[in-house]
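Here the structure comes first, spelled out in structure tokens, and everything after it is commentary.
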Amino acid sequence: MYYQKEIECMDRSRLKDMQNEKLLRQVRHVWDNVPYYREKMKASGVTPADIKSLEDLYKLPFVTKDDLRESYPYGMFAVPLSECVRIHSTSGTTGRRVIAGYTQHDIDLWEDCCARAIVAAGGSREDICQIGYGYGLFTGGAGFHGASHKVGCLTIPMSSGNTDRQLQFMEDLGTTFLCCTPSYAEYLAECINERGIRDKLKLRAGIFGAEAWSESMRKNIEESLGIRAYDIYGLTELSGPGVSYECGEQSGMHINEDHFYAEIVDPVTFEPLPFGSKGELVFTALDKEAFPLFRYRTKDICVLNDEPCKCGRTHIRMAKPMGRSDDMLIIKGVNVFPSQIEEVLISKGYSSNYQIVVDRVNHSDTFEIRVELGAEDFAGSLSRINELEKKLTGDIKTMLGIVAKVRLVAPKSIERSEGKAIRVIDKRKI
Amino acid sequence: MKKTIDQISVFMENRPGQLSEILGLLAKENINLRALTVAEVAEYGVLRLIVDDPEKAVKVLVAEQRVAVVNKVMAVSVPDRPGGLCELINMLAEDNVDIEYMYSVFSKTDGRAYMIISAKDVNSLINSLTKHNIDTDDYNDMGIN
Ligand SMILES: [Zn+2]
């Protein structure tokens, strides 16, 4: 089932024409109305005349989170405030928050994107949709709320927290569709099974986003709730959830390419990379009016896939982001993300308390991974430890393509900062 | 049936003070040591202990975030004559007993030398010792209790 079949399954050449048309209009719109970005374009020696199609997109300067902070609060808005109907904001744990503005048109296109996600996850007007994302400045609640209306679900605007009430409504009102963060879904599942009320529930699917989650977490949610769990991706800077979403195939998230154009760039040189390469995900909003961003650097490391999908949608898919470009290390010339190492450790049953130590000796990088040993793994023999280290070295080489020196260390022996293990020590920078 | 004895293996990183920390923890709980040996490679080692209350010792160590487990080993009497140990080892080799490691200890009660032997397969060790009628000791003989 589709929400907007004519767009979701649009012929790719027609889609490209549509994207080109929108891009040219958007470049003009921003040049005329956003002095901050116009100056950036001028500094890069680009004028709207230089952008004739998506092929020229690479000429436009990137927008980074720093730009958004610098232009706080309204510096990136491209329409008068009288045209805007709402703002949302990032949580902003460091520095200034980002204020994203929306016209009614922007709200509509965002809700359409989320509605496509709900329908792709099997949602329809027959569903009772419980929204457990926070309502307020955060985009999660509002995005799904509007989308649930558009699909015609009976919408329960629960917001986040108050687990007792969530469960009571779920049971009494017959919730069939759940939208919340994956960690909260896991917590709800735990409570549901503890209280033994799973059989009284009618849940059948859910969309879980706004934070990173693994395949094993998906499996856990699906099994413990007896539902299908779908992933979704988005950023407040681009509108909110629904920039991309999973279909029934659950193998990558379809990007809503009629509104958001994706690129992958090298996280160090920022050169555009071909399809299938791993790099930083960059988005251009093609037709947002109030807060239109060109080449916004998400800092998410990702891979794009343009193979046709069995579901019939023609829009390309992105993989679940595999790390943040800020966390990337270049070791022996290879891009390494701590999240990749964590994935190997967890899949092999180790604790996620590890530490990467990188140094440079005689002009070449040394790469050591310290992993805290669990009592279950230690059978009391030296050779067993050696064996475990060798195995783990092999697993990590398979993942990264380079060899790390793996060292098993005593539990709690890795230095901690505020309770968390210090993940990376890069002595090359000292 | 010959009895195995419980040995504790503790994972140790090679940094100063590790051994004294571990022994201090056991002393504080009045756990008595009977034998001790350390096997090590460059970065870590395994401390092996025979104590009067292995169960309690592991509990104490685990509570202090140490990695400690109990292994089944045998205390084997060594014939008290030149070449005695050599004979024993040859005999085990002939029976295809795969020895992981061994170390010696003296009994408090009879003053005899014993080898603490850990085999990959403890049953093959027991069978070989039984077949050749070699003395083994349990805790009482070793004078722990
Ligand atoms: Zn699909």
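Computed over heavy atoms, backbone and side chain alike; hydrogens, waters and symmetry mates excluded. Chain A is the first sequence line, chain B the second, and so forth, proteins listed ahead of strands; every chain is numbered from 1.
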R48(B) NZ/CZ over Y101(B) ring centroid, <6.0 Å and within 45° of normal
yes

Answer yes when R195(A) and D164(A) have at least one side-chain N-carboxylate O distance shorter than 4.0 Å, and no when they do not.
-> yes

Ordered numerically, the heavy-atom neighbours of chain B under 4.5 Å found in residues 385-393 of chain A are I385(A), N386(A), E389(A)

Partner of T4(B) under side chain to side chain contact (heavy atoms under 4.5 Å, CB included), picked from L125(B), I126(B), N71(B), V73(B), is I126(B)

### Message
Looking only at the side chains, is there a donor atom on one of D135(B) and S77(B) sitting less than 3.5 Å from an acceptor on the other?
### Response
no

Please answer whether the main-chain N or O of S216(A) pairs with a side-chain N or O of N220(A) as donor and acceptor at a distance below 3.5 Å.
no

- request: Could you tell me whether a side-chain N or O of S20(B) sits under 3.5 Å from a main-chain N or O of G17(B), the two making a donor and an acceptor?
  value: yes

If one checks every heavy atom of V70(B) against chain A at 4.5 Å, the contacting part turns out to be neither

If one checks every heavy atom of E100(B) against chain A at 4.5 Å, the contacting part turns out to be side chain

Nearest heavy-atom contact between Y184(A) and T163(A) is OH-OG1, 2.9 Å

